[in-house]
Every structure is written in structure tokens, then in C-alpha cells.
Number of protein chains: 2
Amino acid sequence: MSVAIENFVKAIYKNDKNNTNDTKPGNIAKKLGISNAAATDMAKKLASKNLLKYEKYQALQLTDEGTKMALNVIRKHRLWEALLFKLFDMSLHEIHREAELLEHETSNFLADRISEYLGNPKFDPHGDPIPNAHGEITTIDNSIALSNTQEGKTYIISRLMSDDKEFFDFCALNGLKYGNSLLVTKQFNKNKMTQITINNNNIVLNEDFTNIIYVNESSY
Amino acid sequence: MSVAIENFVKAIYKNDKNNTNDTKPGNIAKKLGISNAAATDMAKKLASKNLLKYEKYQALQLTDEGTKMALNVIRKHRLWEALLFKLFDMSLHEIHREAELLEHETSNFLADRISEYLGNPKFDPHGDPIPNAHGEITTIDNSIALSNTQEGKTYIISRLMSDDKEFFDFCALNGLKYGNSLLVTKQFNKNKMTQITINNNNIVLNEDFTNIIYVNESSY
DNA sequence: AATTTAATTTAAGTATGCTTAAATATTATT
DNA sequence: AATAATATTTAAGCATACTTAAATTAAATT
């Protein structure tokens, strides 16, 4: 299957998961940077390949086959991120950028070799779960968005759910990294902002950021 | 530039080096598995991009720019081969197959990271020279084809110049590996065959193989 | 409920990178 | 040197993955 198709099913899968956006052609088009017309065309084509269900004016729904393809691409993406991060100490933004290209030119054989080499990791350096070779994915049920945390409690960063360079630069600058711990010092509920202490620095995060940073309650 | 273009200039570069084949459109077409018509079309297009010189019915000649592009792709190919070989212990055939895809989706930035990680190697696991970031390539001047070796002398394998699975399978089976040493026991000049001893086994190689296996004289 | 706004679809068209078939030029053979 | 064989080019056409513009449908607003 082509790069365009792989990116299309991946975009649907992700929009479906986030369910902030829906999976109508227009939203997929926006995500991929193509015209609405191109997205409708592609949707029809993929319906004929049994990768998704298309009904006029309705949201697109991946079939089992389409979901499997999406998870396979996501698996390769996240394995590459994990490998590049480990070997070359590249930034979260850089590993994402490279993985976005490599994911489409990676055989299942090579993906398995990478996974094996890394000890079959369940999460990538963003904390995103890596689907296994059978398309099974670990869902993190006990992690919550930073916006839902409580003042005075300590948490461990479990996921930085973004593709955005500016966000990653901010994270790098402030020590916001998968596995690091932070203390929530204040929730400004009115303004939907959160103040945290991390590495002895106090920083205030706005809504955009508190909804893509996920954390687990610290056990101590 | 597209995958098709990168593969096209790479094919010209390689046919030019081997100079057994020439670089007329038909030979490039055969190498790439496309029609002659497609090769002519592409040649015209690349001439307009100043990547090569095209004159009707003549051999194609890469410009400096075209040569630079070819070397850049070859650099990425060989760096990937070196990395995959080191990390995953894949066979020569497997690393070639994967590198053939990855080479086109690798930024210069990532290529430099791979090179750095490997200690800026000058040769890949086939013994092929890896161009550096400036497109400079080390030429091995003291290595000779196995067909030109002398009976009774010991040599070190310096290059296995092929893309062919059958050849690599044969090499793997018989211990023909970059860096290994072998003894030339007999040259059958009439039949253009060579008998060698390697790992205490005597094997006879035909012309196809003795011209793609390169060796250096052993110093002891 | 009617109207405005927005999203979606259809239609027509484009660039890339191929194909096959026919025409033309080159190379090899006698 | 003429002919046969081979290579190259031209021409026409196709699939993919896009585009813009116009038409249609759905959703939001008044």
C-alpha cells in the first residue's frame, strides 16, 4: 500500500482515538494538508479496498483491516522513535520527524528486529504505546491529563501526546520528559491553567499543554 | 527529489563505475526494471533539471550535481547497511533489501547521526566505500578481483560487489565474508574458474563470482 | 421554519512515472 | 555496402494522488 493510503488510515485512527475531532473527510483533509475533495476521493477508493466504511456526508469508519493497517504503521513509527532516541539521543521532535518518513519503508521483518533489539518495549519515548506485531496495543488506563490533577500531589509524566515542535522545545527546556516527576502546586480552574514544580522551577501551563501531558499518580 | 529520480541517477552512477555496462537509456531501464521508453522520458526530464546530459542515442552522463545526488543516496544506503548489520546481525542480502527502501527517506541529518554512531566508517559490510557527507569517496586502489589472483597466495576479502541473493547465500554458506582470508589453490585459466581454500574447505568459483569478489594481498 | 454558513461532493484538470505500440535511428552481420 | 537485428525515441494512454471551481447537502443561526 502507498504512503498516501497509510497516512490516510493512520489519520483516521488517530482522530478516532482522540475523539475531539471526528473522522469526516474534512478533518482528515486538514490533518493531512490536502483538499477536502482529495480526502473524499481517497475515502471512496479505500472503501472499495475494504479498509474503511464510507457513506456520503458521514464520518469515516475504519474496518478491522483498516485498523490493522493503521496500527502496523503506528507500530513502525513508534519503534523507530524508540530506536533513534536510544541510539542517537535525538530530541522528541527530531525522532518524530524522521519516523514519519521511515515508517512507510519498513518491512515487518525489520520492525520485528528493531523491537527485539529494544527488548520489545511497550512504550515509545513520548510514552505512547507501541502496538505489537499482532496489532495489539496496551491502553494506559490509570494515566490522566495534567488538567485533571490535584493540587499538592506528585505525579510521574507518562505521556507527551503531541507532534508539535514548539511543545517539544518547551518540554526540553523545562525538563518535561517521559518518566520525570512533577508536583502540582496550583490549579487555576477559572483560566484552565496549571502551575507545577519540576526541577525546582515553577512553571505555569495553559490549557493547550495540560491536555496533552498525561501523568500517573506517584506511589510515594 | 523523488524515489524514481534518486534510483535513476544511482543506476547511472553505478553502470558508469562498473563500465562493463554503459549508461545508455536501455541499460538503465534494464537495471531499474522499467521500459526503455520510460528511461528516455526520465532522461529528458533530468537533463532539464541539470542532473545529467542527454543527447539523442548517446550514453547518459551525470553532471556534477547528478553525481552528488547519486553519492548522497549511496552514502545513505551503505550507512543503513552498516547500521543494520551491526545492530541486528542481518544477512548481506537482508541489509541490502532494507537499505534499498530506507535510503530514500533518510535526511542528511539522520545520515550524519548514523555515521557518527558507527565511528564514521569508510566501508560497509560488503566492503563498498561509504561516501562522506561532502560526497567524497575512498577508492580502494590495491584490491583486485579474485580472477586476477595468483596460485599459492593468501588474500583478504575486501569487497563482495553484488546485490544478488543467490551470491550472498553462497557466501554465507562458505564463509566468504568481508575481512576473512582465503588461499588461492588453483587458477583454471581456460575455464576462467578459481579454486580457493577457506575455513579448511576447497571451493571452486566460476567466472561470475571471481569477478565480483575483490581481495587484498595478505601481509603475512 | 427560513436562511445563512460550512462541509461535502462532483467535475474537470494536472504532474509524475509508468505502460505498449509504432516509427526511427544505430549497430552488427553477411 | 546492403541488410538484419537491436536500441532508442515518439506517441498515445493509464493509475495515483493531488488541485480548483461549482454544485449539493448538512448544520448552525436567526
Side-chain angles (χ1 to χ4, degrees), chain A residues 1-13 15-16 18-62 65-66 69-70 73 100-101 103-105, chain B residues 1-13 15-16 18-62 65-66 69-70 73 100-101 103-105:
Chain A
M1 291 294 166
S2 70
V3 173
I5 292 175
E6 288 186 348
N7 280 332
F8 202 86
V9 296
K10 194 176 71 161
I12 297 171
Y13 181 88
N15 268 18
D16 209 25
N18 290 352
N19 76 347
T20 43
N21 278 300
D22 70 5
T23 62
K24 284 189 178 176
N27 293 303
I28 304 304
K30 198 175 289 173
K31 188 153 192 166
L32 295 174
I34 60 176
S35 68
N36 286 3
T40 297
D41 264 14
M42 183 61 99
K44 283 182 188 171
K45 191 170 122 186
L46 298 195
S48 79
K49 288 184 191 285
N50 196 34
L51 291 168
L52 54 81
K53 278 176 191 159
Y54 170 72
E55 283 182 87
K56 271 192 184 182
Y57 304 105
Q58 302 304 307
L60 305 174
Q61 288 185 293
L62 290 180
E65 206 181 321
M69 180 183 287
V73 177
E100 203 67 13
L101 298 174
E103 63 185 12
H104 304 293
E105 302 302 333
Chain B
M1 290 294 164
S2 70
V3 172
I5 292 176
E6 290 186 347
N7 280 333
F8 202 86
V9 296
K10 194 176 72 161
I12 296 172
Y13 181 89
N15 268 19
D16 209 26
N18 289 352
N19 77 347
T20 43
N21 277 300
D22 69 6
T23 62
K24 285 189 177 176
N27 293 303
I28 304 303
K30 199 174 287 172
K31 187 152 192 164
L32 295 175
I34 61 176
S35 68
N36 286 3
T40 298
D41 264 15
M42 184 60 100
K44 284 182 187 170
K45 191 169 122 185
L46 298 195
S48 80
K49 287 184 192 285
N50 196 35
L51 291 168
L52 54 81
K53 278 175 191 159
Y54 170 71
E55 284 182 86
K56 271 191 185 185
Y57 304 105
Q58 302 304 308
L60 305 175
Q61 289 186 294
L62 289 181
E65 205 182 323
M69 181 183 286
V73 178
E100 204 65 14
L101 299 174
E103 64 185 13
H104 305 295
E105 303 301 334

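Predicted model, so just to flag it, every value in this text is computed and none were measured. First the proteins, then the strands, lettered A, B, ... as listed; each starts at 1.
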Whole-Å distance between [N] [atom2] and [X] [atom1]?
{"X": "L32(A)", "N": "dC18(D)", "atom1": "CG", "atom2": "C1'", "answer": "12 Å"}
{"X": "I34(A)", "N": "dT14(C)", "atom1": "CD1", "atom2": "C1'", "answer": "16 Å"}
{"X": "K24(A)", "N": "dT25(D)", "atom1": "NZ", "atom2": "P", "answer": "15 Å"}
{"X": "N27(B)", "N": "dT26(C)", "atom1": "CG", "atom2": "C1'", "answer": "14 Å"}
{"X": "N7(A)", "N": "dT16(D)", "atom1": "CG", "atom2": "P", "answer": "17 Å"}
{"X": "K30(A)", "N": "dA6(C)", "atom1": "NZ", "atom2": "P", "answer": "11 Å"}
{"X": "M42(B)", "N": "dT8(D)", "atom1": "CE", "atom2": "P", "answer": "17 Å"}
{"X": "E6(B)", "N": "dT16(C)", "atom1": "CD", "atom2": "P", "answer": "16 Å"}

Any [X] side-chain heavy atom under 4.5 Å of [Y] side chain:
{"X": "V3(B)", "Y": "E105(B)", "value": "yes"}
{"X": "V9(B)", "Y": "Y13(B)", "value": "no"}
{"X": "L32(A)", "Y": "F8(A)", "value": "yes"}
{"X": "I34(A)", "Y": "M42(A)", "value": "no"}
{"X": "E103(B)", "Y": "K10(B)", "value": "yes"}

If the cut-off is 4.0 Å, is S2(B) near the phosphate of dT16(C), judged by side-chain N/O to OP1 or OP2? no
Please tell me if S35(A) has a side-chain N or O lying less than 4.0 Å from either OP1 or OP2 of dC18(D). no
Side chain to side chain contact (heavy atoms under 4.5 Å, CB included) for M69(B) and L62(B)? Distances and angles first, verdict last. CA-CA 10 Å; M69(B) 181 183 286; L62(B) 289 181; over 6 Å; no
Across all strands shown, which nucleotide pairs with dT20(C) by Watson-Crick or G-U wobble geometry, both distances under 3.5 Å? dA11(D)
Above 12 or not: heavy atoms from other molecules or residues under 6.0 Å from CD of E100(B)? yes
For nucleotides 9-11 of chain C, which of its nitrogen or oxygen atoms have a protein nitrogen or oxygen under 3.5 Å away, and what is each distance?
unit_1	atom_1	unit_2	atom_2	d
dT9(C)	OP1	Y54(A)	OH	2.7
dT9(C)	OP1	Y57(A)	N	2.7
dT9(C)	OP2	T40(A)	OG1	2.8
dT9(C)	O5'	Y54(A)	OH	3.3
dT10(C)	OP1	K56(A)	NZ	3.2
dT10(C)	OP2	K44(A)	NZ	2.1

